[in-house]
Structures are given as structure tokens and as C-alpha cells.
Amino acid sequence: MRVRFAPSPTGYLHIGGLRTALYNFLLARKHGGTFVLRVEDTDRTRFVEDAEADILSSLTWAGIQFDEGPGLNGGYGPYRQSERSTRYAEVANHLIEHEKAYIAFDSSEEIDALKERLRTPENPSPRYDHETRLSMSNSLTMSSEDVARKVAAGEEYVVRLLVTPGSQIKFTDVIRGEVEFDSATVDDQVLVKSDGLPTYHLANIVDDHDMAITHVIRGEEWLPSTPKHVLLYQAMGWDVPQMAHLPLILSPTGGKLSKRNADKQGIPVSVSQYREAGYEAHALVNFLAMLGWNPGDDREVFSMEELIEAFSLERVGQSGVQFDLQKLEWFNEHWLRSRSDSDIADELETSIQDTFSDVSREHLVEAVALMKDRLSFASDLLEAEYLFRRPSSYDEKSVAKRWKDDSPVVLAAFADSLESVDEWTLDKLEEALQTFVEIHEMGMGKIMFPIRLALSGQPSGPGLYEMMALFGKDETIARFRACNDALA
RNA sequence: GCCGCGUUCGUCUAGGGGUUAGGACGCCGCCCUUUCACGGCGGUAACACGGGUUCAAAUCCCGUACGCGGUACCA
């Protein structure tokens with residue numbers, strides 16, 4: 001089995017592209033096949049300089065490694081279509097010679113004019129096809145001498161697929177079953193553009209064949225052009241690979257998940273945006289895997305290894321799926337919690353030191369331990385400033401509501417009593433507070449809030465004893481006094 | 001318009017002739033915790049519609065509606 005992911009470097013890797021890559025990768029790994037990365041850079045007008053680098057680094061970040069691709073030749077290279085031009089020309093010529101394709105000289109203005117002329121409310125987008133080609137300038141309507149002369153004169157031309165009406169083009173989609181198109185509804189697709197470069201349709205089938213691809217797994221947007229591809233395979237006498245068209249990922253409201261659309265809804269579309277926003281790679285992969293596929297049982301949390309084990313094309317769904325950021329966030333929290341404290345500390349080390357100087361390693365690891373269950377993203381820890389420095393302010397609403405007249409006295413008294421705690425441990429601290437409330441015959445509720453406020457400035461957070469243990473005796477007592485001073 | 005693909009809780013989905021239509025996210029409640037979370041338990045909520053086939057249809061067939069995709073010298 002050989003599969004491929006074939007992105008076009010016209011933009012950064014899209015979330016849908018990552019899922020397509022993932023499914024290809026999973027299938028290859030599951031069956032001991034080969035996963036090829038091919039860069040389809042035939043559109044010079046939309047080429048984006050750093051897109052390929054982004055695609056490569058995004059895949060690496062997600063844990064998807066290719067076996068063959070740019071910089072990793074497996075005997076089928078090169079893996080950039082811009083480096084394979086002669087092969088496409090060869091195939092195009094073969095098609096022309098065998099009357100499966102033809103040369104057309106029509107300028108884009110002439111084609112626009114044709115469409116303008118034929119456009120009606122019932123037919124808003126006329127095609128260049130078996131009917132209209134008869135009235136255009138191409139090697140079917142011109143003498144071969146005229147064609148040869150124009151070509152020799154260096155006139156621009158394109159190569160078009162010659163589609164003959166009257167047949168049914170059938171193929172089996174692994175996900176959708178039998179799919180059938182009437183050849184009369186297929187247009188004469190341009191195969192070679194006037195700049196001499198192939199279109200996707202030509203380059204794609206040539207490469208899939210030459211690279212011995214056995215399974216073409218791609219987005220559903222390609223389903224309508226598949227009959228053209230089938231025709232090309234047949235014209236060349238090549239076997240058609242197994243086809244699998246994945247359901248599209250839709251926006252949360254059901255429309256297309258375009259950049260524009262998604263931005264409006266606050267949904268990142270490129271993988272690098274997720275990476276920058278601090279999403280766990282595992283979470284994104286896990287979420288994407290479940291978007292259109294399921295294992296057939298109730299499991300939802302999967303590591304990459306488990307996905308490889310469980311994945312199959314047969315369990316991929318057929319209908320479009322809406323993107324749900326909340327579910328992604330749930331996966332993110334889950335995977336974040338599965339990481340070790342020290343691993344998360346490693347990730348945050350630099351930004352923590354930049355924001356709060358002189359945070360010891362032990363302190364950071366302990367802070368992570370205290371907060372891990374309360375974070376959505378690892379970087380959210382930076383927002384819990386009180387874990388790393390004394391509060392500079394106290395949450396106003398909470399103060400207004402729960403800071404009572406006797407709070408300063410209670411807090412000061414407790415601070416005094418803490419002076420005599422010799423062993424600064426969770427147990428001793430709990431004991432100290434218990435004893436304190438008993439001696440003063442007060443309810444625990446009376447003192448817990450002032451302590452929390454003094455320690456963190458916030459109405460919620462980690463346990464009191466945990467925080468006191470983390471801050472140490474001197475700092476804890478200092479925070480009590482500072483709070484009293486500030487709220488006096 | 002035409003061509004194609006779809007349609008089970010708000011969302012992701014299981015189920016493919018006989019099910020109290022199951023799970024997850026979200027939301028709500030309870031428990032745990034004198035905080036907030038995590039966790040546990042429970043609740044809310046769905047077979048697009050109309051015809052057929054059948055003893056029996058969410059499940060098979062047809063139609064309609066709706067959604068999505070395509071209709072480029074973009075991929």
C-alpha cells in the first residue's frame with residue numbers, strides 16, 4: 001500500500017488538510033504501507049513562499065512523518081511537481097497523439113465571450129465541452145497545417161481533455177460506494193496551461209501512477225472531478241487507484257470552513273494558528289481523527305498509536321461534519337492533564353522566567369501540579385500570577401462581598417499563630433488552622449476566604465494548604481500582612 | 001440552472017428490518033470539596049418530510065425538501 005498527501009503551497013496547512021494527511025498516515029502505518037508527501041506547486045500565480053515550510057513543520061508538530069517526500073527520496077522522486085515538468089509534457093503529448101486530448105488556442109477573453117454568449121438563467125455557467133468546442137479555435141476545428149503553423153509561431157495554447165459524450169463513467173469510492181457520472185456532463189478540462197505547466201488534474205494522475213499510489217484519500221471537493229481523472233487513467237491504460245473521498249469539515253454553523261468564514265466565527269483554520277494558540281498537538285490530532293471517523297465503540301480518547309491500531313477507511317462517515325471548538329478544547333484539557341508536571345514545566349520554563357524572574361524549578365513544577373486540573377491550555381498558568389509573586393491587587397467584587405469588618409483581625413491573628421509552626425507541611429498547616437478556629441471558636445467559613453484572598457487575590461484557586469506550602473512560611477505570613485495593609 | 005454527495009439529540013456519532021434509539025461534547029442538577037476545578041452520579045435532547053416494500057422500517061426502495069461540494073488556464 002502506498003498513499004500520499006499532496007498539498008499545494010498556496011497557503012499554510014489548513015485544518016482540513018491536516019485531517020486528510022492524518023487519515024493517509026494512519027492507514028499507511030496500520031498496514032505497513034508508505035506515506036508519500038508530494039508538493040503540488042503547479043500554480044505559479046498563487047504560490048506562497050513559506051507555505052511549504054509551514055506545511056512541513058505543521059505535520060512534524062502533529063506527529064505525522066512521511067516516508068518519502070521533499071528531502072527524503074524513496075526512489076519515486078522528485079516530490080515537487082515543479083521538478084517533474086518533462087514527464088507531464090510527455091504524457092500530454094501521448095494523449096494528443098492518441099486523440100485523447102487536443103490543443104486549443106482560445107484566449108481567456110474568447111472563452112469569457114463564449115460563456116457570456118451562452119449564459120442564460122437556466123445555464124449560468126456554460127462549459128467548454130463536446131458541444132461548444134466545435135465553435136472554438138482548437139485542433140479539432142482547424143486544419144493540422146494551421147495548428148502546426150500557430151504552434152511553430154509560438155502562439156500560446158492549452159491542452160484539453162477530449163471528452164466524448166454517451167458513456168457512463170463509473171468508479172467505486174471506498175467511502176461512498178458506486179459513483180456514476182454521465183460523460184456528457186464532463187467538460188474538456190485543461191490539462192496543460194498556456195504557461196506550459198500542467199493543471200492539478202494531469203499532474204495528479206501522472207504522479208499518482210508514477211509513484212505507484214494505491215489509495216487516493218482526499219477531500220470530497222475532489223469527487224466531481226474524479227470522472228476526469230478516471231478518463232485520464234483509462235486514456236493512458238493505467239489502473240485507477242482505490243478512491244476515498246473524505247467528508248468535508250464545515251464551519252460550526254454548517255457553511256464552508258473558509259479562512260474568511262472561520263475568522264468571523266473566531267475559528268483558526270491553519271494548523272500553525274492552533275500551535276501558536278497553545279493547543280496540544282495530541283489534542284488536535286485526536287479531535288480531527290474523530291471528525292468523520294469513529295472506532296465503532298464508545299472510545300474517544302486515542303493516542304497516535306491507538307489511532308493507527310483502530311483506524312480503517314470503512315468507518316469513515318459520508319456526511320459533512322461541523323467543527324466544534326468546545327469539543328477540541330475538551331480534548332485539549334484531557335491531553336494536557338495526561339502530561340507530567342515536569343514536562344509542562346519544561347514547556348513553560350522560558351516564558352515563566354521572562355515574566356516572573358527567579359522562579360525555582362521546584363516552585364514551577366509544584367505550581368503546575370497545583371494548577372494542571374484547572375487549565376485549558378498550558379500557557380494559562382502564566383495568568384495565575386499569584387503563584388509566582390505577591391498579589392498586587394485583590395479582586396474587587398469578592399472583597400466587596402466577602403471581606404468583612406473582622407477579617408483583618410482574624411487574618412492577623414492567624415498570621416501570628418503561624419509564626420510558631422515549625423514544620424511547614426500540608427499536615428501541620430491543616431492542623432494549625434483547625435486548632436486556630438477551635439481556640440477562637442469560629443466557623444471555618446469565616447477565615448477561609450480571607451486567607452484565600454490574602455494568598456492569591458482571587459476568590460478561587462488551588463487548596464489553601466497547598467498554596468501555603470508552596471509559598472513557604474515567610475512569604476505566606478507576608479502575604480497576610482500585605483493584604484491587611486492593602487485593604488485597611 | 002446543471003452534475004454529484006449527503007441528512008439520527010444544538011454538535012461529533014453508535015445502531016443497517018423487531019432497541020426503553022446507546023455514547024461523547026455542551027447545558028442543567030446532585031455528590032465530592034467549607035474555594036474553583038478535576039472526578040463520580042443523574043437529567044435535557046434526535047431518526048428531515050411523503051409515499052411504498054414488509055407481520056414489522058431509524059434501518060430497504062422511490063420521491064420531495066433541505067444542506068454541502070463542483071461547475072477555473074485554482075488546487
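The analysis underlying the following values was restricted to heavy atoms, covering all of them including side chains, and did not include hydrogens, waters or symmetry mates. Bear in mind that the values here come from a model prediction, so they are computed numbers and not experimental data. Each chain gets a letter, A, B and so on, in the order its sequence line appears, and its residues count up from 1.
Taking a cutoff of 4.0 Å between a charged side-chain nitrogen and a carboxylate oxygen, A:K170 and A:E178 do not qualify as a salt bridge. Between A:D188 and A:R133, at least one side-chain N (NZ, or NE/NH1/NH2) sits under 4.0 Å from a carboxylate O, which counts as a salt bridge. The residues A:E40 and A:R80 are annotated as not salt-bridged, no charged nitrogen and carboxylate oxygen being separated by less than 4.0 angstrom. Looking at A:R299 and A:E306, no side-chain N of the basic residue comes within less than 4.0 Å of a carboxylate O on the acidic one, giving no salt bridge.
Nucleotide B:C74 forms no Watson-Crick or G-U wobble pair with any nucleotide shown, as no partner meets the under 3.5 Å limit on both distances. Using N1 to N3 plus N6-O4 or O6-N4 for Watson-Crick, or N1-O2 and O6-N3 for G-U wobble, each under 3.5 Å, B:G4 pairs with B:C68. B:U35: no Watson-Crick or G-U partner with both key distances under 3.5 Å is found in any strand. Under the Watson-Crick and G-U wobble criteria, each requiring two contacts below 3.5 Å, nucleotide B:C25 is paired to B:G10.
Considering only the side chain of A:D43, B:C74 comes nearest among B:A24, B:C74, B:G23. Picking from B:G69, B:C25, B:A75 the nucleotide with the shortest atom distance to the side chain of A:D324 gives B:C25. In this structure, the nucleotide among B:G6, B:G23, B:C3 sitting nearest to the side chain of A:F181 is B:C3.
Residue-level contact check: A:D188 touches neither bases nor backbone, having no heavy atom under 4.0 Å from any strand. Looking at heavy-atom distances under 4.0 Å, A:M290 makes contact with sugar-phosphate atoms alone, never a base. Counting any heavy atom pair closer than 4.0 Å across all strands shown, A:V158 reaches a base atom. Here A:R46 lies in heavy-atom contact (under 4.0 Å) with a base.
For B:G26, the OP1/OP2 oxygens have no side-chain nitrogen or oxygen of A:Q326 closer than 4.0 Å. A:N123 has no side-chain polar atom (N or O) that falls below the 4.0 Å cut-off from OP1 or OP2 of B:G1.
Rounded to whole angstrom, the span from the CH2 atom of A:W293 across to the C1' atom of B:A24 amounts to 14 Å.
Every residue was checked against the side chain to side chain donor-acceptor pair (under 3.5 Å) condition with A:R160, not counting sequence neighbours, and none meets it.
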